[in-house]
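Below is one structure, written out as structure tokens, with a few remarks after it.
Any value given below was found using the heavy atoms of this structure, including those in side chains, with hydrogens, waters and symmetry copies removed. In this text the structure is predicted, and so the values were computed from the model without any measurement.
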Amino acid sequence: MKTLLFTIFLLALASCGEDSEPIKKRRTNEPSSENFQGIETLFNESEFPDPNHVKLLKELKICSEFQKDTANYLEPACSPRFFRILPMKDDAKEDQAFLLQIKSKVGGIKLRRTIAFVRERGELVKVNTFIANLIATRPSTSHYNDLILRFNDNIEGEIIFYNCLFTWDGKRYKFRSVELIEGATWRQRLKPEFKDSVSNDIYTILKKNEMIL
């Protein structure tokens, strides 16, 4: 962990005035590329945009259809206060492949989760779980949207965010690279010569911390 911290700050110093930029006001859902469409989920809607979303949640048995208390995070209601369903594939109906965002604290897990589901032989199958916030997507030639997921880390008391690119490999989403690293007051894009090595280091940490499943 300390080695990674050192690497990050060396990169920040090496590119000071070139690639790094101060953060005056946090832009938590800024896409890391102009080709991405930013996503912001506030979990403040009173109804789902599609009534089929409730049916999908019930099918997953991830919520209680009898629960009405949206302050109960341990036995969550099937409510947009806790869950959001997003399309994952541009040539299939949403009930065949979708992304599920889950609010922090739901089920006793303190961070947000993003889960990818596909339907196989009539059953919904979980293909990826990320302890991360989905902040952007873009279309791809695979028809499965590319994803930018934001992971949290705590390095010696400082909260660090890793914005990571994932693409579909034919069966599930696969980690590709770290696109952006952020602290509370700074933002750092990786130089090409460091991108592979730093991405590998961060991927190892995310796997070790069971944030990519």
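Summarising the geometry of Ala132 relative to Leu149, their closest heavy-atom pair is CB-CB, 4.1 Å, with the distance given to 0.1 Å. Nearest heavy atoms, Lys195 versus Val178: CE-O, 3.4 Å. Here the closest non-hydrogen pair linking Pro80 and Glu45 is CG-O, 3.3 Å. Closest non-hydrogen pair, Arg113 versus Gly107, comes out as NH2-N, 4.5 Å. Smallest separation of non-hydrogen atoms from Phe36 and Leu147: CE2-C, 4.3 Å. Across all non-hydrogen atoms, the minimal contact from Leu190 to Ser199 is CD1-OG, 4.3 Å.
In this structure, the separation between CG on Leu42 and CZ on Arg84 is 8.5 Å, given to the nearest 0.5 Å. Put simply, CD on Glu65 and NZ on Lys58 are 4.5 Å apart, with the number rounded to the nearest 0.5 Å. The distance from the SG atom of Cys78 to the NZ atom of Lys61 is 12.5 Å, given to the nearest 0.5 Å. In this structure, CG in Asn163 is found 10.0 Å from CD1 in Ile202, a value given to the nearest 0.5 Å.
Checked by atom type and distance alone, the side chain of Ser64 never pairs as donor or acceptor with a backbone atom of Glu75 at under 3.5 Å. Counting only distance, with no hydrogens or angles, the side chain of Arg119 and the backbone of Asp95 share a donor-acceptor pair below 3.5 Å.
Residues meeting the side-chain contact (heavy atoms from CB on, under 4.5 Å) test with Asp69, sequence neighbours left out: Gln67, Ala71, Asn72. The side-chain contact (heavy atoms from CB on, under 4.5 Å) search around Lys55 returns Asn52, not counting sequence neighbours. In terms of the salt bridge (charged side-chain N to carboxylate O under 4.0 Å, His left out) criterion, Lys103 has no residue partners (sequence neighbours excluded). Checked against side chain to side chain donor-acceptor pair (under 3.5 Å), Ser177 has the following partners two or more places apart in sequence or in another chain: Glu179. Checked against side chain to side chain donor-acceptor pair (under 3.5 Å), Asp146 has the following partners two or more places apart in sequence or in another chain: Arg138. Legend: residues meeting salt bridge (charged side-chain N to carboxylate O under 4.0 Å, His left out) with Glu94, ordered by chain and number and at least two apart, are absent. Residues passing the side chain to side chain donor-acceptor pair (under 3.5 Å) test with Arg81: none are found, sequence neighbours excluded. Taking Arg176 as the reference, Thr167 meet the side chain to side chain donor-acceptor pair (under 3.5 Å) condition, with sequence neighbours excluded. For Arg172, the salt bridge (charged side-chain N to carboxylate O under 4.0 Å, His left out) test picks out no residue, with sequence neighbours left out.
Taking the side chain as every heavy atom from C-beta outward, Asn145 and Leu99 never approach each other to under 4.5 Å. Here the side chains of Trp168 and Val127 are in contact, with some heavy-atom distance below 4.5 Å. Proximity of Phe166 to Ile148: side-chain heavy atoms (C-beta onward) are nowhere separated by under 4.5 Å. Within the 4.5 Å cutoff, the side chain of Val198 has heavy atoms near those of the Ile181 side chain. Proximity of Asn152 to Ile160: side-chain heavy atoms (C-beta onward) are nowhere separated by under 4.5 Å. Counting only heavy atoms from C-beta outward, the side chains of Asp90 and Ser140 never approach each other to under 4.5 Å.
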Going through the distances and angles, do Tyr173 and Met88 end up as a side chain to side chain contact (heavy atoms under 4.5 Å, CB included)?
CA-CA 11 Å; Tyr173 278 103; Met88 187 169 85; 3.2 Å; yes

Run the side chain to side chain contact (heavy atoms under 4.5 Å, CB included) test on Leu180 and Arg187 for me, step by step, so that the C-alpha distance in whole Å, both residues' side-chain angles and the decisive distance to 0.1 Å come before the verdict.
CA-CA 7 Å; Leu180 187 72; Arg187 174 185 289 111; 3.4 Å; yes

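Grouped by direct or indirect side-chain proximity (heavy atoms under 4.5 Å, Ile/Leu/Val/Met/Phe/Trp/Tyr only), Leu74 sits alone. Other cluster members for Tyr73: Phe48, Val54, Leu56, Leu57, Leu60, Ile62, Phe82, Phe83, Ile85, Phe98, Leu100, Ile102, Val106, Ile115, Phe117, Leu124, joined by side-chain heavy-atom distances under 4.5 Å among Ile, Leu, Val, Met, Phe, Trp and Tyr. The hydrophobic side chain of Leu213 is isolated, with no ILVMFWY side chain under 4.5 Å apart from it.
Heavy atoms of other residues, nucleotides or ligands lying less than 6.0 angstrom from CD of Glu210 number 12 at most.
Hydrophobic clustering places Leu86 together with Leu111 (ILVMFWY residues linked when any side-chain heavy atoms are closer than 4.5 Å, directly or through intermediates). Leu206 and Ile155 fall within the same hydrophobic cluster, where Ile, Leu, Val, Met, Phe, Trp and Tyr residues are linked whenever their side-chain heavy atoms come under 4.5 Å apart, directly or through other members.
Taking the six-membered ring wherever Trp is involved, the centroid distance between the rings of Phe151 and Tyr162 does not fall below 6.0 Å.
Salt-bridge check for Lys171 with Asp169: failed, with every basic side-chain N at 4.0 Å or more from each acidic carboxylate O.
Side-chain contact annotation: Thr41 with Gln101, donor-acceptor N/O pair under 3.5 Å present. Side chains of Asn133 and Arg112: a donor on one and an acceptor on the other come within 3.5 Å.
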